[in-house]
Amino acid sequence: MKRRDLLKAASTLPLLSVSTSLAIPGTAQAASRPFRRVRPSDPGWPDAQAWQTLNAAVGGNLIAVQPLFAPCTENTEGDACANILKSMRNPYYLGDQPAGTQTSGWLGAWTSASSAYAVKARNAQDVAAAVDFARRKNLRLAVKGGGHSYLGTSNAADSLLIWTRGMNSVMLQDAFVGQGCHGRAEPVQAVSAGAGAMWSDLYDAVTTVAGRYVQGGGCLSVGVAGLVQSAGFGSFSRGFGTAAASLLEAEIVTADGKVLVANECLNSDLFWALKGGGGGSWGVVTRLTLRTHALPKNFGNAWGRIKARSDDAFQRLIARFITHYREHLFNPHWGEQVHFSPDNTFQISMASQGLDGAAAQAAWQSFFDWVRAAANDFELAQEPGTWVGDSRGYWKVGGDYMQVDAREGASAHHGWWKGGDSEQVGVFIHGYDSLWLPADLLHENDGRTLADAVFRASRYKKVDLHINKGLAGAPKEVLAAVANTATNPAVAKAFALAIIADGEAPAFPGMPRRSVDDRAAREDAEKIDLATAELRKIVPRAGSYVSESNYFNASWQDAYWGENYAKLAKIKQKYDPDGLFFVHHGVGSEDWSPDGFERLRFRS
């Protein structure tokens with residue numbers, strides 16, 4: 001299916017069945033409800049006095065936002081422009097700009113855009129003031145902490161941005177019990193974080209300093225709040241579950257401007273929705289508390305790059321790895337990724353937890369021996385191997401594998417992984433898709449059905465299998481915790497998330513660089529669609545991970561949340577009946593125009 005056909009199909013999809021009725025704009029039922037948000041050019045846009053009142057309410061922290069590359073528009077040779085260009089590959093720099101996004105756009109989908117104004121929130125009261133203002137003035141709201149959304153949900157032109165970056169406190173809890181849960185829940189060790197905290201902040205406090213583990217994301221500059229609301233996978237999710245499954249409590253400002261606490265004892269329906277129901281749809285999360293775990297003694301890695309000398313040899317290599325994975329790696333100890341490329345290269349970039357050096361090496365030995373014994377068929381482009389080390393130092397900034405945020409005044413524990421993470425900063429996406437691969441495929445026809453599909457897909461584009469983003473094979477307690485989240489239940493039966501994606505260097509509006517080659521980018525996007533189609537032949541209704549998915553997915557409700565979507569839609573109607581919080585392909589977004597400015601239908 002062509003991308004334009006996907007968009008056409010999306011526009012004609014019927015609403016998913018929910019136990020609500022619709023009120024058509026213009027009827028008596030909907031007469032009192034606004035159905036078009038205002039822009040700066042509209043008569044209803046707040047005047048200067050109104051903005052001044054909001055500024056006073058938030059302690060002088062209202063910002064008139066300028067586009068990220070505004071200094072370059074004024075002078076492409078000036079120091080200000082040069083500084084921005086120099087910082088384009090620093091994710092912390094981009095996150096520190098009110099107009100910054102970690103992705104510069106997506107072909108035919110969205111482009112990074114600055115809000116008209118931003119509230120640099122310090123606390124829940126600032127957030128509540130901004131929410132009240134937006135509701136009363138009928139404004140388009142955007143919410144941003146880390147700004148890592150591939151789908152562009154953390155930015156919107158002509159909007160009021162609630163920017164939580166400064167709310168980044170982190171506090172360890174030795175015996176946490178949620179509000180209203182005393183006498184109903186046992187105290188547990190936990191960590192509380194403000195909405196602007198990043199995983200680098202939590203890993204430093206919880207693991208490096210305190211010697212415990214918190215389940216978070218693999219990319220250190222990702223915001224904690226956004227990842228938890230979208231499920232959240234890290235290198236060791238197979239052993240510890242999703243970040244959402246570790247959520248114990250959240251403080252959130254809802255559409256009515258109230259500051260609520262949500263946990264298993266208070267507002268439990270909203271609490272469930274926050275655990276994987278998608279960021280930006282439920283309100284503004286201002287604080288989260290996550291369960292922490294005993295830290296495994298060791299974390300480790302496995303690597304290697306093997307190039308097959310023929311298509312036939314590559315097919316056999318894929319099949320051999322799938323068999324080896326099923327027999328030796330399909331367990332809670334292994335995560336991260338393997339990659340299959342059109343040039344017949346197989347790359348290993350995996351991570352381990354809870355294994356010593358001998359056990360990690362033993363898990364791979366027979367596969368490495370098989371490859372080395374077939375020198376006529378395979379070339380070792382990178383010598384394969386394994387490493388195991390003290391887990392407490394795994395996220396310590398420095399060394400050969402991590403880039404340090406060297407800006408003056410930057411936190412000493414802020415850094416990012418070299419290689420993959422560096423390449424993604426500011427990327428302009430040509431195309432992106434993901435689908436969960438059921439563990440049954442590892443056994444079907446002895447894995448050959450899967451191997452053949454991966455080979456066919458790799459003829460078009462590189463296929464990445466993210467082992468850590470499929471939870472089949474996880475411990476029973478991990479699966480039980482994940483089952484109590486809003487995430488698509490397909491994740492519990494999947495052995496991996498297949499991701500096929502590509503893009504190019506940053507292409508922010510106003511950036512002095514060559515323009516995007518639309519024709520080449522479209523051709524690249526078509527290859528991504530063709531590769532994904534090969535995998536869909538064996539998994540026709542595959543689920544997809546909301547944070548890493550196709551912007552044009554016409555079946556997004558089912559793909560992201562499966563059977564959970566109807567329940568999520570009811571909760572959305574309860575807490576945000578007028579749709580103040582809108583994001584692309586978020587719960588309830590089918591009621592709105594693609595830009596979130598015009599309401600097409602009402603529910604009552």
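Side chains are part of it too, since the values below use all heavy atoms of this structure and drop only hydrogens, waters and symmetry mates.
With hydrogens and angles left out, the side-chain atoms of Ser544 and Ser434 include a donor and acceptor closer than 3.5 Å. Residues Thr153 and Ser149 bring a donor and an acceptor atom of their side chains to less than 3.5 Å of each other. No side-chain donor-acceptor contact under 3.5 Å links Thr292 and Gln189. No side-chain donor from either of Ser349 and Glu336 sits under 3.5 Å from a side-chain acceptor of the other. Side-chain polar atoms of Thr207 and Tyr394 form no donor-acceptor pair below 3.5 angstrom.
Trp106 and Tyr551 have tilted rings, their planes meeting at an angle from 30° to 60° on a 0 to 90° scale. Using cut-offs of 30° and 60° on the angle between ring planes, the pair Tyr92 and Trp416 is tilted. Taking the six-membered ring where the residue is Trp, Phe367 and Phe346 present perpendicular rings, their angle passing 60° and hence far from 30°. The aromatic rings of Phe428 and His430 sit perpendicular to each other, their planes meeting at more than 60°, with 30° as the lower class boundary. Ring planes of Tyr150 and Tyr432: tilted class, angle from 30 to 60°.
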Review point. Can you list the steps and then say if Ser104 with Ser112 is a side-chain hydrogen bond (donor to acceptor under 3.5 Å, both in side chains)?
Key: CA-CA 5 Å; Ser104 54; Ser112 185; over 6 Å; no
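Using a cut-off of 4.0 Å between Lys/Arg side-chain N and Asp/Glu carboxylate O, Arg392 and Asp390 are scored as not salt-bridged. Under a 4.0 Å N-O distance rule, the pair Arg184/Glu264 does not qualify as a salt bridge.
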Can you give each donor-acceptor pair under 3.5 Å made by side-chain atoms of residues 166-173, sequence neighbours left out, with the distance rounded to 0.1 Å?
unit_1: Gln173; atom_1: NE2; unit_2: Ser192; atom_2: OG; d: 3.0

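Minimum interatomic distance between Phe368 and Trp303 (heavy atoms only, all atoms of both residues): CZ-O, 4.1 Å.
Heavy-atom neighbours of Lys462 NZ from other residues, nucleotides or ligands within 6.0 Å: above the threshold of 12.
Between Tyr565 and Trp556, the ring center distance clears the sub-6.0 Å criterion.
With sequence neighbours excluded, the residues forming a salt bridge (Lys or Arg N to Asp or Glu O under 4.0 Å) with Lys461 are Asp502, Asp524, listed by chain and number. Residues satisfying the side-chain hydrogen bond (donor to acceptor under 3.5 Å, both in side chains) criterion with Tyr545, sequence neighbours excluded, are absent altogether.
The salt bridge (Lys or Arg N to Asp or Glu O under 4.0 Å) test with Glu249 singles out one residue from Arg291, Lys275, Arg287, and that residue is Arg287. With Tyr325 as the partner, the ring-ring contact (aromatic ring centres under 6.0 Å, His included) test is satisfied by one option alone out of Trp364, Trp334, Phe495: Phe495.
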